[in-house]
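Positions are given from 1, in the same order as the sequence printed here. In listed order, ligands and their atoms are each counted from 1.
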Amino acid sequence: MFADRILSGMRPTGHLHLGHYHGVLKNWVNLQHEHPCLFFVADWHALTTHYDMPEVIEESVWDMLIDWLAAGVDPAQATLFIQSKVPEHAELHLLLSMITPLGWLERVPTYKDQQQKLVEKDLGTYGFLGYPLLQSADILIYRATHVPVGEDQVPHIEFTREIARRFNHIFGREIGFEEKARSAVKKLGSKKAKLYTELRSRFQEQGDVEALEAAKSLLDEQQNLSIGDRERLYGYLEGGGKMILSEPQAMLTSASRMPGLDGHKMSKSYGNTISLREEQKDVEKKIRTMPTDPARVRRTDPGDPEKCPVWQFHIVYSTEETCDWVQKGCRSAGIGCIECKQPVIDAVLKEQEPMRERAQRYLDDPLLVRNIIADGCEKARKLAQETMREVREVMGLDYS
Ligand code: TRP
Ligand code: SF4
């Protein structure tokens, strides 16, 4: 429950593109080596805005999962699953909805933004208003400590922290908490109990945050504490109740600005993408026909890389040496645009080669992906069920 655990989700949008790779997936691949990670397809989230398109979900889910695997997300290291296959998310969403003030949801910035952006859709729905809370349930049910997200999602993580705090405040109070907490301290053994107590007072009396962190990791290391005592000792550090749901932190993905073919942000809706598994000849064609600095009408006209989308690709893909070559050659009309594009074409193709190979394995044998996901769903579900047992108990629902 309390050691670090990373969780992130993505709406099923079908085939992913290089923007997703450089913005999100590369980061996931790095994280999976260092931390326990859970990555899931947020298929219910897709319905909050696209409830009128149920027919595309299934295909989008599998296409996207193949792209994750192609990008190097490794099911041997990370747990991959689909939200709707772990129905406990919905149960937690419902239970959290009981304590969620409407005003908190109405204040989430994406609520009004998206309604204005997607004017052609009626987003005056209960599901759409509640979708940040569904996201909170996604996160809290795994007691995730860190959530890699883009900047636009940070308010959702902040909202999730507030929900966790409110939940713990309302349901973390138990009769005789102090005594129970003190007897849990004793169970640590005299040495660790002393250390815990010292760290706790350093935090409570002097606001020493490092002491708080040290106390938390001390608890993380204890193998034989019951879940209840763990929650008490965690809660006892900071306040007067059990900590049932833990507050996650946003982990800002350093936005690698992968531009689209036209220099704007790469996005399906702009039609300026190169997909992860784009055919080689299409990659070549797309880059060859990319617009360049409009000042270079003739080969002999000098150009300015700052005004050229191809340069943005060099920034992502090329060595310093090649970048120098572009800068000098463009400004002096020493190189032509076709020439300039070749290293980009080569680099994109090289990056995609292992992805295409990995994807092919899964395309040849669709059962492979099904099995990976069945496995992941089972693992995720176990974790979710553990949290739900606690949640039901403190909400008065554990009777038969
Ligand atoms: N709302 C996120 C998005 O639109 C996707 C998402 C759903 C998510 N649940 C999550 C991301 C939980 C991180 C954690 O991109
Ligand atoms: Fe763009 Fe390269 Fe042509 Fe300069 S030489 S305009 S950077 S494609």
Run the numbers on Asp282 and Lys285 for salt bridge (charged side-chain N to carboxylate O under 4.0 Å, His left out), then give the verdict.
CA-CA 5 Å; Asp282 294 332; Lys285 194 166 138 209; 5.3 Å; no

Are Phe177 and Leu225 connected in the hydrophobic side-chain network, where two residues link if heavy atoms are under 4.5 Å apart?
yes

NZ or CZ of Arg143 within 45° of Tyr234 ring axis and under 6.0 Å
no

What are the distances between nitrogen or oxygen atoms of ligand 1 and protein nitrogen or oxygen atoms, counting only those under 3.5 Å?
residue, atom, partner, partner atom, Å
ligand 1, 1 (N), Gln135, OE1, 3.0
ligand 1, 1 (N), Gln153, OE1, 3.1
ligand 1, 4 (O), Arg11, NE, 3.2
ligand 1, 9 (N), Asp138, OD2, 2.7

Test Arg232 against every option in Glu174, Glu178, Arg182 by the side-chain contact (heavy atoms from CB on, under 4.5 Å) rule and name the one that passes.
Glu174

For the residue pair Phe40 and Phe81, does the interplanar ring angle fall in the parallel (under 30°), tilted (30 to 60°) or perpendicular (over 60°) class?
parallel

Please walk me through it: do Asp138 and His45 pass side chain to side chain donor-acceptor pair (under 3.5 Å)?
CA-CA 10 Å; Asp138 298 337; His45 283 261; 2.8 Å; yes

Dump the intermediate steps for salt bridge (charged side-chain N to carboxylate O under 4.0 Å, His left out) on Asp398 and Arg389, then the final yes or no.
CA-CA 8 Å; Asp398 66 335; Arg389 220 172 291 133; over 6 Å; no

By residue and atom, what protein N/O/S atoms are less than 2.8 Å from atom 3 (Fe) of ligand 2?
Cys337 SG

If you define the side chain from C-beta out and look only at heavy atoms, does anything of Pro305 sit under 4.5 Å from Arg331?
yes

Any chain of hydrophobic side-chain contacts (each under 4.5 Å) joining Leu129 to Phe159?
yes

